[in-house]
Amino acid sequence: MHEGHEQMFRRRFFVSTVLSIPVLLYSEALQDWFGFSVPMFPGSEWINPVFAVVVFAYGGVPFLQMAVPELKDRSPGMMTLISMAITVAFVYSLATVVFPEQSAFFWELVTLIDIMLLGHWIEMRSVRRASSAVDELAKLMPDTAERIRDDGETEEVPVSDLAEGDLVLVRPGASVPADGTVEEGDSAVEESMITGESKPVSKEPGDDVIGGTINGDGSLRVRVGATGEETTLAGIMRLVEEAQQSKSKTQVLADRAAGWLFYVAVGAAVVTAIAWTIAVSFNATVIERVVTVLVIACPHALGLAIPLVVAINTSLAAQNGMLVRDRIAMEEARNLDAIIFDKTGTLTEGEHGIVDMATVDGVDADEALALAAAVESDSEHMIARAIREAADERGLTPPEASGFEAIKGRGVRATVEGDEVYVGGPNLLTQLDSAVPDHLQRFADDAGENAQTVVYLVREGERNGASNSTSGEAASQEGELVAAFAMADVIREESFRVVDALHDLGIEVAMLTGDSRDVADAVADELGIDTVFAEVLPEDKDKKVQELQDQGKLVGMVGDGVNDAPALTRADVGIAIGSGTDVAVQSADVILVQNNPLDVVRLVKLSKASYRKMQENIVWAAGYNVFALPLAAGVLAPIGILLSPAVGALLMSLSTVIVAINAQLLRRVDLSILEMSGTALSTTAESAD
């Protein structure tokens, strides 16, 4: 739409300007001012009215047409004001042809229309450039792909013909045609246009790739996982369009002010007409003052002040891996008092491993690990994967398990060799009312001090492999704790910088975790986190957000899982890590495409910078009208200062250009996060949720 309007205003500006030249040349006022004359011939007196009518019909009528919807909606604005100004000038000028005793207004009319067309052309050009993020994203996807047939040969097909499960060849330097998984090859892929990641990302078999990204020097064979509207790029484009079309609170205020300005301008024009008629009687001077007031009051700059900043803000956010779903939430990010981070996968790497284990007497460590791996055989949780990987590394064969069940927020359960066996954290022991032997308690305490989480293995029923009663060992009773595993996760290097950067911005940092208090405190102490919510069940996460809100704080929540969705919705600004689940993403206001907590800091900085630009533009646009309206009405006429309608139109267009330039300066905002002095980028192991 903006591009079509831009071309229309551009074309009509040039044609109208050329048609205005004869009007200017044959204007008696301009001839007197500049001391020149032009040849006169029979009928030359009709040059001004004829060409002025043509300019009005070609260059002025579009403004009248665009004023109709404003009047139908009963929301008169800038197009209504422009239409009133040029119509008054046009009708009065035609009247002077019939009643020649009055001075004509033709050269003012055509120059007014020309400058209005120029101003709108510049405005549409600025908005179109700022709103080009979607177009630029669309250009990332290639038109064709090389699909590998069953016989191993390749065929070039349109990207639209690709289907899920197809195998495609991505040559060095080519664009990835669809989302998928690498099946063969090693390469580095440039993802900056999608995720904001500045460095190429290494890809090998098993890694996911995003359609529209650019392959490096290696060759990749990719199994297509999503095409068309299901791809990451298509989703990003939808979110960018939604964000650019949504309105912020500041924009709503600006729109309302622009509407009020119409009535102010009409009132000022009426007062001006009455005052000048009393002072000099009704003549061309009165019409000139009225037209100048109507022209100079046009809320062009006010109407452009916020939408242009919004468009540039959305484009910048997308370029830096931040997708805005809720414009108001993006604006609120600048006021956040506290940000809560869900720990695992956000502040931590999310890759766990067993670093130590302890068992009760009579149970071999390998036996316990194999039993735990059997229980976790059907789980995709990161802890389950870590247990299975540890069993594989020891060459253990887990026994058969059946009846697998996940116990929300506590662990898992399965039947192994006739016994009910559980694996889970401290909340599981509370549910089962299991006693913890002294040596396992000491093991758990030591793990907590090292910022490790402890997962317990509990078995109900007679324990196989226990010593007989003659050796002094009693058989295990129902619900006995069998073993404890210390799990570790590495704190992200970026997490240290995130906490320091948010503190520099005056924002409190909180952490949510299902781990024990000791474990959570150890992590918080290392990162310098202000508030810790430990041993939090998934269904209680949103209550912790509410706790901070009840203290009068504006709260942001950063998470990546299904269990985070209620908390993301509850928060004033919900921020989802893009690699998280679809549920979490749909519950969030802002999505971080790249799984990088540093983008939270960039989000806050961009929100602050954007709001500052909105304020500057509002002040400039409103201040311009406050200053210019009295000037246009002629309050300085006693000292010889009067603005012509053309000069008023020029000043109005100039204010629009200044607002557009000021909005473009937002592109220079520095979103980098510097290394914090004295901050060690630790790799200390810590616990998992």
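Note that these values count all heavy atoms, side chains included, but never hydrogens, waters or copies made by symmetry. Just so you know, these numbers come straight off a predicted model, no measurement behind them.
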Donor-acceptor check, side chain of Asp166 to backbone of Val224, threshold 3.5 angstrom: yes or no? no
Worked check of side-chain contact (heavy atoms from CB on, under 4.5 Å) between Val209 and Thr181: CA-CA 6 Å; Val209 291; Thr181 304; over 6 Å; no
Charged N-O contact under 4.0 Å between Glu494 and Arg497: no
When you measure from the side chain of Asp207 to the backbone N and O of Glu204, does any donor-acceptor pair fall under 3.5 Å? yes
Shortest non-hydrogen separation from Ala663 to Val309 and the atoms involved: CB-CG2, 3.9 Å
Check: Ser607 side chain, Met330 main-chain N or O, donor-acceptor pair, under 3.5 Å: yes
Non-neighbouring partners of Arg223 that pass salt bridge (charged side-chain N to carboxylate O under 4.0 Å, His left out), sequence neighbours left out: Glu183
Identify the heavy atoms of Leu568 and Gly559 that sit nearest to each other, and give their distance. CD2-N, 3.9 Å
Just to verify, what does Arg171 make a salt bridge (charged side-chain N to carboxylate O under 4.0 Å, His left out) with, not counting sequence neighbours? Glu146
From OG (Ser187) to CD1 (Ile214), nearest 0.5 Å: 11.5 Å
Rounded to the nearest 0.5 Å, the CZ atom of Arg11 sits from the CG atom of Leu117 at a distance of 11.0 Å
When you measure from the side chain of Asp542 to the backbone of Pro566, do you find a donor-acceptor pair of N or O atoms at a distance under 3.5 Å? no
Does the side chain of Lys541 come within less than 4.5 Å of Arg570's, by heavy atoms? no
Nearest-0.5 Å distance, CE of residue Met511 to CG of residue Leu347: 7.0 Å
Under 3.5 Å, is there a donor-acceptor pair between the side chain of Asn215 and the main chain of Ser175? no
Answer yes or no: is there a side-chain heavy-atom contact under 4.5 Å between Gln549 and Lys553? no
From Glu508 atom CD to Ile340 atom CD1, the distance as rounded to the nearest 0.5 Å: 8.5 Å
Compare every heavy atom of Phe496 with every heavy atom of Glu526, then report the nearest pair and how far apart it is. O-CE2, 3.6 Å
Which heavy atom in Ala338 sits nearest to a heavy atom in Leu548, and how many Å separate them? CB-CD1, 4.2 Å
Testing the 3.5 Å rule here: is there a donor-acceptor pair between the side chains of Thr227 and Glu164? no
Quick one: salt bridge (charged side-chain N to carboxylate O under 4.0 Å, His left out) partners of Asp572, sequence neighbours excluded? none
Working for side-chain contact (heavy atoms from CB on, under 4.5 Å), residues Trp121 and Gln7: CA-CA 8 Å; Trp121 171 28; Gln7 296 302 320; over 6 Å; no
Side-chain contact test, heavy atoms from C-beta onward, threshold under 4.5 Å: evaluate it for Arg221 versus Leu167 and give yes or no. yes
Taken to the nearest 0.5 Å, the spacing of Asp540 CG from Gln546 CD works out to 13.0 Å
Pairwise side-chain contact, Leu512 with Phe341, heavy-atom cut-off 4.5 Å (strictly under): no
Exceeds 12 heavy-atom contacts within 6.0 angstrom, atom CG of Asp217: no
Is the shortest side-chain N to carboxylate O distance from Lys203 to Asp186 below 4.0 Å? no
Shortest non-hydrogen contact between Leu666 and Ser610, atoms and distance: CD2-OG, 3.7 Å
Please step through side-chain contact (heavy atoms from CB on, under 4.5 Å) for the pair Trp620 and Ile618, ending with a clear verdict. CA-CA 5 Å; Trp620 173 262; Ile618 288 291; over 6 Å; no
Checking Met557 against Val573 for the side-chain contact (heavy atoms from CB on, under 4.5 Å) test, could you report, in this order, the C-alpha distance in whole Å, the side-chain angles of both residues, the deciding distance, and whether it holds? CA-CA 6 Å; Met557 171 69 194; Val573 181; over 6 Å; no
About how many Å separate NZ of Lys613 and CD of Gln664, when rounded to the nearest 0.5 Å? 10.5 Å
If I compare all heavy atoms of Pro142 with all of Val176, which pair ends up nearest, and what's the gap? CD-O, 3.9 Å
Does a side-chain heavy-atom distance below 4.5 Å link Leu220 with Val189? yes
Side chains of Ile339 and Leu336, heavy atoms from C-beta outward: is any pair under 4.5 Å? yes
Given 3.5 Å as the limit, does a donor-acceptor pair link the side chain of Asn320 with the main chain of Met322, or not? no
Can you find a pair of side-chain heavy atoms, one from Asn335 and one from Glu332, that are under 4.5 Å apart? yes
Counting only heavy atoms not in Asp73, do more than 12 fall under 6.0 Å of its CG? yes
Taking the side chain as C-beta and beyond, is there a heavy-atom pair between Leu592 and Ile575 under 4.5 Å? yes
